[in-house]
Amino acid sequence: MTTRRSARLVAKTAETTVAVLPALKVATKASKVTKERTRKPKGKTSDVAAVSRAATTTTTVVAVAPLSTFPFPSLATPQVMEDALRHLKAADPKLGEFIDRTVERCEMALDRDQGGHTSYISLCQSIIYQQLAGKAAAAILLRFLKQYGTLKDESKADMLTASEASLDSSDFIFPTPQQVAAIDTEELKNVGLGQRKAEYLKEVANKFNDGTLSDEKLARMSDSEVAAALVAIRGIGPWTADMFLMFHLKRTNILPTLDLAVRKAMCHHFDVPFGKKTPTHEALVEMGQIWEPYRSVATWYMWRLSGTITQKS
C-alpha cells in the first residue's frame, strides 16, 4: 500500500514540476513542495528509493535557466535594440513620443571607439578623457600613441614628426599592458598626462598584465561584478564603470545616476524638482524602474533630451 501511494506521489510531483517550469518563482516553490512530498517515510527507505528510481527513468527533467546567464544580451545586436525600443515605447508612452521625434538612431558607441577595441584600451582611453574636453583629450591620446604606440602603416612614419592633424589615433596600435606597465610615470607626464592620470593608466595596465582582468573575465561578469572590479582600480569611479558597461560591454540595463545631464533630464521627464543633492540615487533608481530591463537605452535618450531642456525648464 505504501509503495503504491509513494509511486502516485512521485508521479504527481513530476507532473507538477514540469507544469510550473515557465515561471521561475513558481518553479522554485514547486521544487520545495517536491522535496516535501517525496521525503522518505521511516522504515520504508528501500521501497521509496526503488519507486523514485523507476519514476526518474520515465520522466524528463527540464532545468530552469537562471535569470542572467552568459552571454548577456548586447545592445550591439539589432534585435535586442529593437526589443528595447519596443519595450520603452510601451512602458513609457511619454518617452516613446520623444523616441519617435528623435531623428538620430540610438547607438551605444563613443566617437573615439574603434572596432576591435579591447576592454583594456577602452579603460585606458576613459582615463585619458576624464574631465577633459574631447578635443584636448584626443590630442593627448594622439601624443601618447605617437610616443608608445605602433603605426599600422609604416609608410606613414614620416608623418610622426608632422603636425598632429596628419595622423589620428586610428593609425596606431595601442601599446600592450606589459608595455604601459613598464613605462616610468614621469615619462607618461611628458605626453600631457597629469601625475594621477599617469599612475591610473599604469594601474589599469598592471591589472590586465597580471591577469586580474581580461576581456573574457569581464564579459562573463554580471553588471554589479564588473562595476565592483573596476572601481577597485584607482582612477575608475562609478560613472566610468557605468560608461564602460554601456558603451564597451553594451549592457542593456545601466542607469548612471551620477551623470548630471541624466539627472536633470529625468527630473524634467518625470516632472520632479531638480537640485544639487536631489533627487537621490535611490529616487532616480525608483523612477527608472519603468524602463527596466533597458535603462541603458532610456539613458541614451535622456542625454538627447538634456540637450533640448532650456535653462528655465
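When a residue number appears, it is its place in the shown sequence, counting from 1. Treat the numbers as computed from the prediction; the structure is a model and nothing was measured. Quick note: numbers below take in every heavy atom, side chains included, and nothing from hydrogens, waters or symmetry partners.
The environment of CG in Asp184 is crowded: more than 12 heavy-atom neighbours from other residues, nucleotides or ligands sit within 6.0 Å. With a 6.0 Å radius and a threshold of 12 heavy atoms from other residues, nucleotides or ligands, Glu82 has its CD atom above the threshold. Residue-environment remark: NZ (Lys94) exceeds the threshold of 12 foreign heavy atoms within 6.0 Å. The environment of CD in Gln79 is crowded: more than 12 heavy-atom neighbours from other residues, nucleotides or ligands sit within 6.0 Å. Within 6.0 Å of CD in Glu187 there are more than 12 heavy atoms belonging to other residues, nucleotides or ligands.
By the 30° and 60° cut-offs, the orientation of the rings of Tyr120 relative to Phe174 is perpendicular. Relative orientation of the Tyr148 and Phe144 rings is tilted, given thresholds of 30° and 60° on the angle between their planes.
Hydrophobic clustering (side-chain heavy atoms under 4.5 Å, transitive across Ile, Leu, Val, Met, Phe, Trp, Tyr) groups Met108 together with Trp303. No path of Ile, Leu, Val, Met, Phe, Trp and Tyr side chains, each step under 4.5 Å between heavy atoms, connects Ile290 with Val285, placing them in separate hydrophobic clusters. Hydrophobic clustering (side-chain heavy atoms under 4.5 Å, transitive across Ile, Leu, Val, Met, Phe, Trp, Tyr) keeps Leu258 apart from Trp300. Hydrophobic clustering (side-chain heavy atoms under 4.5 Å, transitive across Ile, Leu, Val, Met, Phe, Trp, Tyr) keeps Val231 apart from Trp239. Hydrophobic clustering of Ile, Leu, Val, Met, Phe, Trp and Tyr side chains at less than 4.5 Å, counting indirect connections, unites Val272 with Met266.
In this model, no donor atom of one side chain and acceptor atom of the other lie less than 3.5 Å apart for Trp291 and Asn253. For the 3.5 Å distance criterion, the side chains of Thr185 and Gln195 fail to qualify, holding no donor opposite an acceptor. For the 3.5 Å distance criterion, the side chains of Asp215 and Thr118 fail to qualify, holding no donor opposite an acceptor.
To the nearest 0.5 angstrom, Arg196 atom CZ is 8.0 Å from Arg234 atom CZ. Atom CE of residue Met246 and atom CZ of residue Arg295 lie 10.5 Å apart, to the nearest 0.5 angstrom. Separating the CG atom in Asp92 from the CD atom in Glu97 is a distance of 9.5 Å, to the nearest 0.5 Å. With rounding to the nearest 0.5 angstrom, the CD atom of Glu203 is 12.5 Å from the CG atom of Leu123.
Here the shortest heavy-atom pairing between Ile127 and Ile236 reads CD1-CG1, 4.4 Å. Counting all heavy atoms, side chain and backbone alike, Thr240 lies closest to Ser126 at CG2-CB, 3.9 Å. Between Ile183 and Gln179, the shortest heavy-atom contact is CG1-O, 3.2 Å. A pairwise comparison of heavy atoms in His117 and Gln125 identifies CE1-NE2, 3.4 Å as the closest pair. Here the closest heavy-atom approach between residue Gly96 and residue Lys89 is recorded as CA-CG, 3.8 Å. Annotation for Leu167 and Leu142: closest pair O-CD2, 3.3 Å, computed over non-hydrogen atoms.
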>> Walk me through whether His281 and Thr257 qualify under side-chain hydrogen bond (donor to acceptor under 3.5 Å, both in side chains).
In response: CA-CA 6 Å; His281 165 78; Thr257 59; 2.7 Å; yes

> Stepwise, does the side-chain contact (heavy atoms from CB on, under 4.5 Å) test hold for Arg263 with Leu284?
Replying inline: CA-CA 8 Å; Arg263 289 165 54 83; Leu284 289 165; 3.6 Å; yes

>> Between Tyr301 and Val297, is the side-chain contact (heavy atoms from CB on, under 4.5 Å) condition met? List the steps.
In response: CA-CA 7 Å; Tyr301 281 99; Val297 178; 3.9 Å; yes

>> Pair Leu218, Glu225 - check side-chain contact (heavy atoms from CB on, under 4.5 Å), show working.
In response: CA-CA 8 Å; Leu218 288 165; Glu225 288 171 336; over 6 Å; no

>> Walk me through whether Leu255 and Glu292 qualify under side-chain contact (heavy atoms from CB on, under 4.5 Å).
In response: CA-CA 10 Å; Leu255 182 64; Glu292 292 191 8; over 6 Å; no

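With Thr102 contributing its side chain and Phe98 its backbone, the two residues share a donor-acceptor pair below 3.5 Å. The main-chain N or O of Thr252 is found under 3.5 Å from a side-chain atom of Ser296 such that the two form a donor-acceptor pair. At distances below 3.5 Å, at least one donor-acceptor pair connects side-chain atoms of Ser214 with backbone N or O atoms of Lys217. Side chain of Ser122 to main chain of Ser119: no donor-acceptor pair is present (N/O by atom type, distance under 3.5 Å, no hydrogens or angles). Proximity of a side-chain donor or acceptor of Lys250 to a complementary backbone N or O of Phe247 within less than 3.5 Å is detected. The backbone N or O of Ile128 lies less than 3.5 Å from a partner atom in the side chain of Lys197, making a donor-acceptor pair. In this structure a side-chain-to-backbone donor-acceptor pair under 3.5 Å is present from Ser74 to Ala76. Lys146 contributes no side-chain N or O that, together with a main-chain N or O of Phe172, makes up a donor-acceptor pair within less than 3.5 Å.
The shortest side-chain heavy-atom distance between Cys267 and Pro279 falls under the 4.5 Å cut-off. At a threshold of 4.5 Å between non-hydrogen side-chain atoms, the residues Arg251 and Pro73 do not count as touching. Residues Leu305 and Met302 meet the side-chain proximity criterion, which asks for heavy atoms closer than 4.5 Å. At a threshold of 4.5 Å between non-hydrogen side-chain atoms, the residues Val204 and Leu213 do not count as touching. With a 4.5 Å cut-off on side-chain heavy atoms, Arg105 and Met81 count as touching.
A salt bridge does not link Lys152 with Asp171: every distance from a Lys NZ or Arg NE/NH1/NH2 to an Asp or Glu carboxylate oxygen is 4.0 Å or more. In summary, Lys202 and Glu199 do not engage in a salt bridge, as defined by a charged side-chain N under 4.0 Å from a carboxylate O.
Among Ile254, Asp242, Val262, Asp259, the single residue meeting the side-chain contact (heavy atoms from CB on, under 4.5 Å) criterion with Thr299 is Val262.
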